[in-house]
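In what follows, a single structure is set out as structure tokens and then discussed.
Since the structure is predicted, the reported quantities are computational estimates derived from the model, not experimental observations. Protein chains get the first letters and strands the later ones, always in sequence-line order, with residue 1 at the start of each.
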There are 2 protein chains.
Amino acid sequence: MPAGDTPSRDTQSRTRRVDARRNEKTLLDAAARVFANQGVDAPVRQIAAEAGVGVGTVYRHFPQRSDLVIAVYRHQVDACVDLGERLLGRGSSPLAALEEWVDAFVDFLVTKHGLASVNGGQADEGGLHAYFLDHLVPVCERLLEAAREAGETSTDIGAYELMRGIGNLCLFGGDDTRYDARKLSHVLLAGVALRREPRAD
Amino acid sequence: MPAGDTPSRDTQSRTRRVDARRNEKTLLDAAARVFANQGVDAPVRQIAAEAGVGVGTVYRHFPQRSDLVIAVYRHQVDACVDLGERLLGRGSSPLAALEEWVDAFVDFLVTKHGLASVNGGQADEGGLHAYFLDHLVPVCERLLEAAREAGETSTDIGAYELMRGIGNLCLFGGDDTRYDARKLSHVLLAGVALRREPRAD
DNA sequence: GACAATACGGAACGTGGTTCCGCTTCGCAA
DNA sequence: TTGCGAAGCGGAACCACGTTCCGTATTGTC
């Protein structure tokens with residue numbers, strides 16, 4: 001999130017009409033319900049229907065579809081950030097902390113079926129992509145840096161790259177029993193953890 | 001492409017009308033051109049326009065959009081299969097062979113901007129997904145098995161899982177200079193290569 | 001109670017994949 | 001060569017989406 005972007009303070013401000021505030025909450029709840037049932041790709045119209053409002057109302061509160069997704073999952077992303085900071089404070093191995101943190105992130109993505117694909121969609125630009133990465137990358141960066149300082153990794157992978165990689169691994173892993181995003185993220189982290197002779201890049 | 005080339009005996013069969021065969025080739029060429037310029041997400045209508053035919057004609061030859069994509073890239077997939085077999089025949093380290101093969105696959109995906117996303121799209125089922133994986137997974141399986149027998153990997157990752165993982169890593173890496181799918185695939189393979197104490201899964 | 005400002009609903013628009021069907025072209029056979 | 005059925009063609013039409021627009025309804029204030 002760019003500087004100066006005030007969080008939800010504005011959104012919840014009491015300078016707004018009561019019906020507007022009520023509808024926003026209704027929408028958030030409805031969206032959470034629909035996303036849980038049918039994945040984050042559910043049509044906007046359906047969320048509007050579930051909330052008992054018109055689509056116009058949805059777009060009044062959330063100018064783009066992705067803003068709604070962000071709003072629904074914002075607190076989970078924040079929780080992830082908090083977890084990262086707690087893990088950093090903990091004395092144990094930075095690499096173990098990174099691994100635990102990534103596990104939590106992967107769980108989050110996998111649990112909400114299809115959430116990751118919102119990141120992956122080519123025509124995203126801004127919206128979700130920005131929010132998720134802007135918040136998570138700095139935490140990841142610090143975890144990675146700590147691991148580097150502790151000599152537990154020698155990889156030159158950046159935090160942004162790692163986050164995107166993890167996110168991509170979580171794509172489309174939902175109902176396919178042959179594909180386990182968690183397992184693959186572990187393999188990727190194993191590659192991050194101990195890199196022997198670097199291959200010619 | 002002269003007769004007796006490779007696969008689609010039926011498609012190229014001479015029981016079909018000449019205009020039909022001509023149009024199929026025209027379409028394939030047009031699609032290749034459009035895909036190269038604007039990525040594999042280019043609208044069907046545009047491919048039809050580029051070929052100078054109606055959309056109906058596109059769908060006559062390729063019942064689904066993804067069939068067209070498959071047809072355009074089929075020979076590259078086949079080349080990848082061939083490479084895998086050549087590498088298997090070669091005497092050197094199976095793991096090195098696997099790495100070289102994956103590099104070639106990643107190059108293929110990254111070069112055609114957005115190709116990988118066709119795999120990733122949730123509502124795919126069948127089509128491209130099936131063709132790519134059905135052909136590539138067996139080769140990957142043999143490379144992986146060879147590496148396992150040579151004691152160069154102890155991972156329990158399956159070939160399908162690995163292919164999907166690699167494919168996912170190649171998503172949306174096109175114009176983002178901060179994200180290098182090749183580098184991430186190397187990290188993933190590093191994790192495959194030497195796995196120390198397995199983490200609790 | 002009246003009047004802005006604010007918010008709402010849902011029809012309408014643009015864009016995408018896909019289908020349908022009347023018309024054209026081809027290939028064979030008389 | 002011509003006739004005719006089958007194969008193929010074009011593109012309008014359909015459906016599903018995200019998003020925009022605007023006439024109407026609601027709210028808060030004086």
Side-chain angles (χ1 to χ4, degrees), chain A residues 10-28 30-31 34-35 38-72 114 117-118 121-129, chain B residues 10-28 30-31 34-35 38-72 114 117-118 121-129:
Chain A
D10 279 356
T11 324
Q12 298 289 341
S13 159
R14 45 189 69 89
T15 65
R16 297 170 64 223
R17 271 166 50 169
V18 285
D19 55 346
R21 257 179 298 160
R22 175 165 30 83
N23 267 334
E24 178 170 329
K25 173 143 181 40
T26 306
L27 265 170
L28 243 18
V34 172
F35 289 163
Q38 333 192 195
V40 285
D41 289 333
V44 171
R45 278 175 245 266
Q46 184 157 346
I47 296 163
E50 172 82 20
V53 304
V55 275
T57 303
V58 178
Y59 280 90
R60 160 162 306 270
H61 292 282
F62 307 97
Q64 297 183 101
R65 226 193 84 86
S66 56
D67 294 327
L68 182 52
V69 183
I70 292 176
V72 167
S117 63
V118 187
Q122 227 126 342
D124 197 50
E125 289 315 308
L128 230 181
H129 176 244
Chain B
D10 279 356
T11 323
Q12 298 290 340
S13 158
R14 50 187 70 89
T15 65
R16 295 171 67 222
R17 274 166 49 169
V18 287
D19 56 346
R21 257 179 298 162
R22 175 163 33 82
N23 268 335
E24 178 169 327
K25 173 145 181 41
T26 305
L27 264 171
L28 243 18
V34 172
F35 288 163
Q38 332 193 195
V40 286
D41 289 332
V44 171
R45 279 175 246 264
Q46 184 157 346
I47 296 163
E50 172 82 20
V53 304
V55 275
T57 303
V58 178
Y59 279 90
R60 162 162 304 271
H61 291 282
F62 306 97
Q64 299 183 99
R65 226 193 85 85
S66 56
D67 294 328
L68 182 53
V69 183
I70 292 175
V72 167
S117 64
V118 187
Q122 228 127 340
D124 198 49
E125 287 316 306
L128 228 181
H129 177 243

Within this structure, what is the [atom1]-to-[atom2] distance between [X] and [N], rounded to whole angstrom?
X	N	atom1	atom2	answer
A:Arg22	D:dT26	CZ	P	11 Å
A:Ile47	D:dT19	CD1	P	11 Å
B:Leu27	D:dG10	CG	P	9 Å
B:Arg16	D:dA6	CZ	P	19 Å
B:Gln46	C:dG16	CD	C1'	12 Å
A:Leu68	D:dT19	CG	P	11 Å
B:Arg45	D:dC14	CZ	C1'	10 Å
A:Gln38	D:dA16	CD	P	14 Å

Practice prompt. Only counting residues at least two apart or in another chain, list the ones meeting side chain to side chain contact (heavy atoms under 4.5 Å, CB included) with B:Val55.
Written response: B:Val44, B:Arg45, B:Ala48
Consider the side chain of [X], meaning its heavy atoms from C-beta on, and name the nucleotide among [options] that approaches it most closely.
X	options	result
B:Val55	D:dG11, C:dG17, C:dA11	D:dG11
B:Pro43	D:dT27, C:dG17, D:dG18	C:dG17
B:Arg60	D:dC9, C:dT18, D:dT19	D:dC9

For [X] and [N], is the shortest distance between a side-chain N/O and OP1 or OP2 below 4.0 Å?
X	N	value
A:Asn23	C:dA7	no
B:His61	D:dC9	yes
B:Arg65	C:dG17	yes
A:Thr57	C:dG9	yes

Fill in: Residue mapping more 5' on DNA chain C - nearest nucleotide basis, B:Asp19 or B:Tyr59
B:Tyr59
